[in-house]
Amino acid sequence: MKTATKNPYNASMLAVAIPASTILILLVIVSIGAEWIAPYDPLKQSLREALQSPSSVHWLGTDNLGRDVLSRLIFGGRIALISSLEATLIAVVLGVPLGLFIGYRGGWWDWAVMRLVEAVVSIPGIMVAIVIIAILGPGLHRAMIALGILYSTAFLRLARSVVLAEREEVYVKAARVIGASSNRILLRHILPNIAPPLIIQVTLTIGAVLLAEAGLSFVGLGVQPPGASWGTMLNTAATYMALNAFLAVPPGLAIVITVLSVNLLGDVLRDSVGRGIAVSVKPTTPTAKFAESTTTTSQPNADDILHIQGLQVVVNSKDGSEFPVITDLSFSIKKGETLGLVGESGCGKTITGLSILGLIGTGGRVTHGTINLNNTELTAFSTQQMEQIRGDEVAMVFQDPTTSLNPAFTVGDQIAEVLRVKQGMTKKQAWARAVELIDRVGITRPAERAKAYPHELSGGMAQRIAIARALSCNPKLLIADEPTTALDVTIQQEILDLFRDLQDEFGMAILFVTHDLAVAADICDRVCVMYAGELVEMANIDELFATPRHPYTAGLLSAMPHASDRKPPLPTIKGTVPVPKLWPTGCRFSERCDYSQKACEQLITLTGTTSQVRCIRANEINLGASI
Amino acid sequence: MLRLIGQRLIALIPLLFIVSVLTFSFTALLPGDPVDLIIGDEGTAEQYEMVRERLGMNVPIVSRYFQWLGRAAQGDLGTSFFNSVPVMDAVMQRLPVTISLTAVSALIAVIVGMAAGIAAALNPRSWIDRLATFGATLGQAIPNFWFGILLVAFFAVSLRWFPATGFTPLSTSPWEWLRSVTLPALALGLSSSAAIARQVRSAMVGVLQQDYIRAARAQGLSRRRVVFKHVLKNALIPVVAVLSFQITILLGGALIVEQVFAINGLGSLAISAVRQQDIPMIQGIVLVSVFIVVAIQLTTDMIYGFLNPKARPS
């Protein structure tokens, strides 16, 4: 097990925020105290000392006119600070009120201003600045007005979008009803919501302005010589590069470090606003206690297509520890059989399906047990070997058909691709077969529908396509993970009928994952009931309905809405499924069980052969048929 | 696809109109009298009237706008106040240089940005991811012209692998063109590479978590195939959306970077036009740039429509 690490977010955020703000505070102090801190007058020329390398007299050397580079760097920092604040302030003052105004007024004002903004934004930013400087004339403050106007478009759009989002909010309407004036509504309700994105935009703009000011001064449109700014210093450096290449280093690094600090601070702000200002997360103690396999090892029968024995799956927690989500799971499916995997959300049903395919993802792994598919052991398989098995031997249909099909490709293409890759068909053969399959799953005008994109199909139709794709290579086992849950009730029955028909034709076994016992009753031969990562009961479907033996099964059955039973209220199982980290050591259902007693706190084993139950009181309590 | 192009073109009409009005109104906004600027302090009243007449400034501003627009539509952007060269000729002479530089840097930005973004997204929280993320953050903080100076100092002045200054047209010598464009394009492309890398990474990470990626893997398609076909096509959608914005930034950045390498592109033309208050030249440069930006937007819209079926009009 990996050692626990600190929560990566907060630690790294502080590691970034502290040095970044320290640098910026230093820059402010140095800029304010430039006269006292700088060793020389930044404008004092001394041609005899021109272009010197760093020395004890001039720590960063001298430029072409013998001016001290360090002093110019310090005064340049003041320029950078003042100018970036100036331009950002102009941008805020111009952009925010106008954005608030057009957002609130809407209509013609909004349309006209937004078209103007679009036009300005479509011109390269530097060019807009150059044009504004053409009107105002070169010089630092004029350049900053230009940049302020340029970046005000960003603040305008931000303010407008916040107003648009907020003005429909109920409380704004409510304030209007009680007679608050529109100005008060704007100020009292909208401004607090603008603050977080505004702060982030300000940091972004300061960084952008710093770079733009340096660029404009570099080409001679910002700070005019002999004034010291990082941009003009780089201009000198570029001219005298062959004589003293070091001249480019101090101002360049100063820009990079300052902009980097501002940007990093902006990133941290954005992340913390996004997560609702960082709060430290309590490290959870890893729970490593769980049952070792308690059932005796059994070999797969000849007619078993899938045989799972003593399966345990663990997943990583955020603090780096691992905890089990499935323990001691054993079951098998016979050829052509439909086995239901039933239980509430969070019981490990989907993970079981994904384990068979070897697709739990990077966050989890199988630690114990065997998965035997058609007499082949899968747990030791490499990725390449698993890729051979998937699709050909075992395929899966997912819960939500609208998200399990790729939105960027036509549905026919997605089926044909599998046929080409897995069956080696030509493009033409694969397409023809895909259309056949689409026809087979009951979609009319298949040739036409094959060319449709997933978003052009209804949910039911998309699920039929997903089923067609899953069956395209004749798998021996189909895992259906809640395939009807996301569909309309009327469509559900059609899809279940389709599964039955296809099973008759293709002869595959089905592992049918569902939380709905009514659906399981409709389609399954046998049912495994899972609770909190383990199997609690397994029986033939009729037997399970007639005589449930585990209190959880009985609870699920009594919670089923039944058409003939009009008696409200519908009984429910009290409480919820415990999260994997909080599983009790004994019976995991005991906290919700009406029959629990002291003995239930010990480890409970699964008993029985053809039908199994994990309850020490199974033989003494009479749960009966509850429906 | 044709309908998409048609829709975009129609949507561009108001934009182009507003840009043309904005561009034209510089004349009115500029301080001082352009006529004085041309004839100088010693001009006589007769000369003044003559120049005024020649510039067509005796007619009302609205009709002047339409005259100007009509001529601009035919490719006549007037003549420079400064040296009487037709603006269109001057711009067209410099434009290929700036476009070369912008295009090569955009290519570098896309290649570097995608490679870094994909590598980072496929190995989240690994050293590759950290390096790429740090590189992207740093890349966006480095001024392109400073990076240019460093490249010149190292690769041109010290190592002499590339020329320090100047530009050779592609038609003169493809090899020399490549040598002359490499350093400025690298300098210019750096920050866009960083922006694209960030975008690619976050888009890929988002798509990798989608159900349809797991479903494609469940169907037995290889990781490589799923990543480079199923993931990439979806992840490119947001990337293409920022691409036209990035190319617009590159076009603006080219004006500055050209100065480092003493390349006579639109940048030096624009800067001297500003210094000389050469109104027709500035107007021409802006108008031509906007046309290029619009063309880039149209192209990226087409790619967007190709990648994202939902964006196509049905």
Side-chain angles (χ1 to χ4, degrees), chain A residues 115-116 118-120 122-127 130-131 133-135 137-138 207 211 214-215 218-221 234 237-238 241-242 245 248 252 255-256 259-260 263-264 267 357 359 383 387-392 395-396 398 400 403-409 417-418 421-422 453 455 466 469-470, chain B residues 14-15 18-19 22 26 29-31 125 137-138 140-143 145-146 149-150 152-153 157 210-212 214-223 225 230 233-234 237 248-249 251-253 255-256 259-260 267 270-271 273-275 277 282 285-286 289-290 293-294 297 307-310 314:
Chain A
R115 294 293 85 73
L116 197 67
E118 272 172 25
V120 171
S122 72
I123 308 172
I126 286 286
M127 197 167 278
I130 287 176
V131 166
I133 292 169
I135 297 168
L211 285 176
F218 175 74
V219 298
L221 296 177
L234 280 174
M241 193 172 359
I255 298 171
V256 173
V259 175
L260 195 60
N263 287 356
L264 286 173
D267 282 353
L357 287 162
L359 282 176
T383 311
E387 277 165 7
Q388 294 292 318
I389 298 286
R390 290 181 205 136
D392 283 330
M396 187 157 175
F398 291 80
D400 188 347
T403 60
S404 66
L405 293 170
N406 194 324
F409 297 94
E417 183 189 16
V418 172
V421 173
K422 305 294 292 184
Y453 286 92
H455 73 273
R469 180 174 64 172
Chain B
L15 174 77
I18 293 171
V19 170
L22 280 179
F26 299 152
L29 286 171
L30 276 172
R125 299 202 172 188
T137 312
L138 189 66
Q140 287 185 302
I142 295 178
F145 60 95
W146 183 60
I149 293 174
L150 295 186
V152 169
V157 176
Q210 294 295 317
D211 272 2
Y212 55 79
R214 186 170 260 177
R217 298 275 285 139
Q219 213 49 57
L221 303 179
S222 67
R223 182 173 156 83
R225 185 182 190 91
H230 295 249
K233 191 172 175 192
N234 285 285
I237 293 169
T248 309
I249 292 179
L251 190 61
L255 307 187
I256 307 273
Q259 307 310 302
V260 178
I271 291 163
V274 168
R275 294 199 163 278
Q277 300 228 317
I282 298 171
I285 293 169
V286 170
S289 313
V290 170
V293 169
V294 164
Q297 275 177 359
L307 290 172
N308 184 5
K310 288 180 194 168
S314 47

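Just so it is clear: chains get the letters A, B, ... in the order the sequence lines come, proteins before strands, and each one is counted from 1. Everything numeric here is computed off the predicted structure, so don't read it as measured data.
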May I ask you to name which of [options] has the most heavy-atom pairs under 4.5 Å with chain B?
{"options": "A:V120, A:V259, A:I389, A:T403", "result": "A:T403"}
{"options": "A:L221, A:L260, A:I133, A:L357", "result": "A:L260"}
{"options": "A:A119, A:A466, A:G207", "result": "A:A119"}
{"options": "A:V256, A:I130, A:I255", "result": "A:V256"}
{"options": "A:G125, A:A245, A:A395, A:A214", "result": "A:A214"}
{"options": "A:Q388, A:R115, A:M396", "result": "A:R115"}

At a heavy-atom separation under 4.5 Å, does [X] approach chain A through its side chain, its backbone, both, or neither?
{"X": "B:V152", "answer": "both"}
{"X": "B:I285", "answer": "both"}
{"X": "B:L307", "answer": "backbone"}

Once you round to the nearest 0.5 Å, how far does [atom1] of [X] lie from [atom2] of [Y]?
{"X": "A:N406", "Y": "A:Y453", "atom1": "CG", "atom2": "OH", "value": "10.5 Å"}
{"X": "A:I123", "Y": "B:L22", "atom1": "CD1", "atom2": "CG", "value": "6.5 Å"}
{"X": "B:I256", "Y": "A:I126", "atom1": "CD1", "atom2": "CD1", "value": "4.5 Å"}
{"X": "B:L255", "Y": "A:M127", "atom1": "CG", "atom2": "CE", "value": "4.5 Å"}
{"X": "A:D400", "Y": "B:D211", "atom1": "CG", "atom2": "CG", "value": "7.0 Å"}
{"X": "A:F398", "Y": "B:R214", "atom1": "CZ", "atom2": "CZ", "value": "7.0 Å"}

- B:R223 atom CZ, over 12 foreign heavy atoms within 6.0 Å: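 No, not enclosed.
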- In sequence, state the C-alpha distance, the side-chain angles, and the governing distance for A:T383 and B:R217, and then conclude on side-chain contact (heavy atoms from CB on, under 4.5 Å). CA-CA 11 Å; A:T383 311; B:R217 298 275 285 139; 4.1 Å; yes
Please classify the contact of [X] with chain B as side chain, backbone, both or neither, using a heavy-atom distance under 4.5 Å.
{"X": "A:L264", "value": "side chain"}
{"X": "A:V219", "value": "both"}
{"X": "A:D392", "value": "neither"}
{"X": "A:L405", "value": "backbone"}
{"X": "A:N263", "value": "side chain"}

- Just say parallel, tilted or perpendicular for the rings of B:F145 and A:F218, cut-offs at 30° and 60°.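 It falls in the parallel class, under 30°.
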For each of [options], tally heavy-atom pairs with chain A at distances under 4.5 Å, and name the one with the top tally.
{"options": "B:A218, B:S222, B:S289, B:A270", "value": "B:A218"}
{"options": "B:H230, B:Q297, B:R275", "value": "B:H230"}
{"options": "B:V19, B:I237, B:V294, B:N234", "value": "B:N234"}
{"options": "B:N308, B:I249, B:I271", "value": "B:I271"}
{"options": "B:L150, B:L251, B:L221, B:V157", "value": "B:L221"}

- Item | A:R469 versus B:A215, closest heavy-atom pair with distance |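 Heavy-atom minimum between the residues: NH2-CB, 3.4 Å.
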- What is the minimum heavy-atom distance between B:I149 and A:L234, and which atoms define it?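 Closest approach of B:I149 to A:L234: CD1-O, 3.7 Å.
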- Task: Report the C-alpha separation of B:R225 and A:E417 in whole Å, then their side-chain angles, then the decisive distance to 0.1 Å, and conclude whether the side-chain contact (heavy atoms from CB on, under 4.5 Å) test is met.
- Result: CA-CA 11 Å; B:R225 185 182 190 91; A:E417 183 189 16; 2.6 Å; yes
